[in-house]
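Order of the sequence lines sets the chain letters (A, B, ...), proteins ahead of strands, with each chain counted from 1.
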2 protein chains.
Amino acid sequence: MVERDTREHARREPASDDATAAPRGRPGRREKNKEDKLRRIKDVARELFVSKGFDDTTIRQIATRADVGLGTVFIYAATKRDLLFLIANEGLDEVASTAAASVDPEAALIDNLLGVFGPHYAFFARQPELSRLVLREMAFYDSGAQAGSFQKTREALIELLGTIVRHAAERREIATDEAPQFVGWTIFCIYQVELRRWLSDGTIDLESGLDRLRRALMLLIRGLGSGSGTTR
Amino acid sequence: MVERDTREHARREPASDDATAAPRGRPGRREKNKEDKLRRIKDVARELFVSKGFDDTTIRQIATRADVGLGTVFIYAATKRDLLFLIANEGLDEVASTAAASVDPEAALIDNLLGVFGPHYAFFARQPELSRLVLREMAFYDSGAQAGSFQKTREALIELLGTIVRHAAERREIATDEAPQFVGWTIFCIYQVELRRWLSDGTIDLESGLDRLRRALMLLIRGLGSGSGTTR
DNA sequence: GTTCAAAAATGAACGCGTTCAATAAAGGCG
DNA sequence: CGCCTTTATTGAACGCGTTCATTTTTGAAC
């Protein structure tokens, strides 16, 4: 309990009122407001999750390195899983927005789809370890505030896919009885499992991953009825 | 280790002539060989997982009710998750075999696919709680003997789907550039996520579940190019 | 500056899954 | 049977995620 005071604890200065005596960490723990703590917890957690893995990182380690109490971590994340989503949600929302903005109602269906999935793949490729963890923990996880946010983003994606399909139908690029929403869902199914497979097999190559996804999506668009894409 | 003999110990007595003065559970433990223990552990675990849920069931409870030591459970299942797969694999192999046997090279593609997926859906519907647990724990789980067996079964299914597609291609029901294996994989993607969705939404109705799966698969077979299924 | 109620932070304590050194049982041999 | 080797079984011990009664900090009112 004493030997871990080698941490950066040097913040207990009362600071008095002399101007020069405290160039580093000035007042005590006061300046560390909630945002500061959240920031520190997130940063430490991300670093440890990536470097040591999710299971081998303990919340005690995170708390110590973030210079907060053990219980404090649970104020910001209901569970360890939720802590993972807290990190994963950073950037993912932005990716989703970017993807949504890139949709062009006049563009070809496959281009719009890859315009949406491309940024997602790139995002996951940027932090493959974390992504694998997220996709591993994602399935069926529905408790915890951050997990909720994660699922909201996912549902928005499905709806976006439906919208893209609707555009293609309105332009008469495609014509199907099924509701655009349902087609969007089916596309999402393919995306989900393909993404998981891609992240699972060792080398995460963005180009080949997206290429395989394109092949699968083209299969759905063209159907199995005719070969070569050109209707022979 | 004596006071928990309030269990249902009424197992077979070893031998009649040995009715010595040791009525307190001593001789009973001898006849319990490995198979017996495995059987008891499985049965108890299944019952508790279904009745109380996976997370609320403790291995200590399982060990006590199965009348084995705590550590003994870990001889038969490397982890708690593996214990779940130990149970799930019972019957699933059989379902997979049944499904494989039902394939008719001359039958329509969609019929063969539903002939394979139907028994699977029925199996999952038979024990919905357990199925949800399995699908929750399944993603990315690759350590543990039972999980390995589970994934083998899964890969066999994907290959079976490829074979079904190949049959359809050989009969000229379909014609596509893509390798049958890849088409089978894409079908598997749809099946996976659809199955998960079906098990997630409260009421698990077999017929409506399979109907929705059929719609999604027909989408893939027909493609998005033409409406109504009948080519105009 | 003092007071005080509300909010935030904390770490001891709890029950869990998992490990493993110790123990018991089984089996082979003379 | 006794003796020894091998195998199976066990539960105390460990470190973990999580809880929550307690303590500390905060900021408004005086």
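In this structure, the nucleotide among dT9(D), dT18(C), dT18(D) sitting nearest to the side chain of F74(A) is dT18(D).
Under 4.0 angstrom from either OP1 or OP2 of dT18(C) there lies no side-chain N or O belonging to K80(B). Contact annotation: Y76(B) side-chain N/O to dT9(D) OP1/OP2 distance is under 4.0 Å.
The distance from atom CD1 of I59(B) to atom P of dT10(D) is 15 Å, rounded to the nearest whole Å. One can place CG of L70(A) at 10 Å from P of dA12(C), the figure rounded to the nearest angstrom. For the pair D56(A) CG and dG17(D) C1', the interatomic distance rounds to 15 Å; values are reported in whole Å. When the C1' atom of dG11(C) is taken as reference, atom CD1 of I75(A) falls 12 Å away, rounded to whole Å. D55(A) has its CG atom 13 Å from the C1' atom of dT18(C), to the nearest Å. Put simply, NZ on K37(B) is 14 Å from P on dA24(C), counting in whole angstrom units. Across the protein-nucleic acid pair, I62(A) atom CD1 and dC16(D) atom C1' stand 12 Å apart, rounded to whole Å. dC16(C) atom P lies 16 Å from atom CG of L83(B), rounded to whole Å.
The aromatic rings of F117(A) and H120(A) sit perpendicular to each other, their planes meeting at more than 60°, with 30° as the lower class boundary. By the 30° and 60° cut-offs, the orientation of the rings of Y121(B) relative to W198(B) is parallel.
No side-chain heavy atom of K152(A) sits under 4.5 Å from any side-chain heavy atom of E155(A). Counting heavy atoms from C-beta on, the side chains of E47(A) and D43(A) never come closer than 4.5 Å.
Residues Q61(A) and A78(A) both approach DNA chain D. Their nearest nucleotides, taken by heavy-atom distance, put Q61(A) toward the 5′ side.
The base of dG15(C) lies outside donor-acceptor range of the side chain of R60(B), with no N or O pair under 3.5 Å.
Contact annotation for T58(B): backbone-only contact, meaning every heavy-atom pair under 4.0 Å involves sugar-phosphate atoms and none involves a base.
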* Show the numbers, then the answer: is there a side-chain contact (heavy atoms from CB on, under 4.5 Å) between V116(A) and Y191(A)? => CA-CA 11 Å; V116(A) 165; Y191(A) 161 69; over 6 Å; no
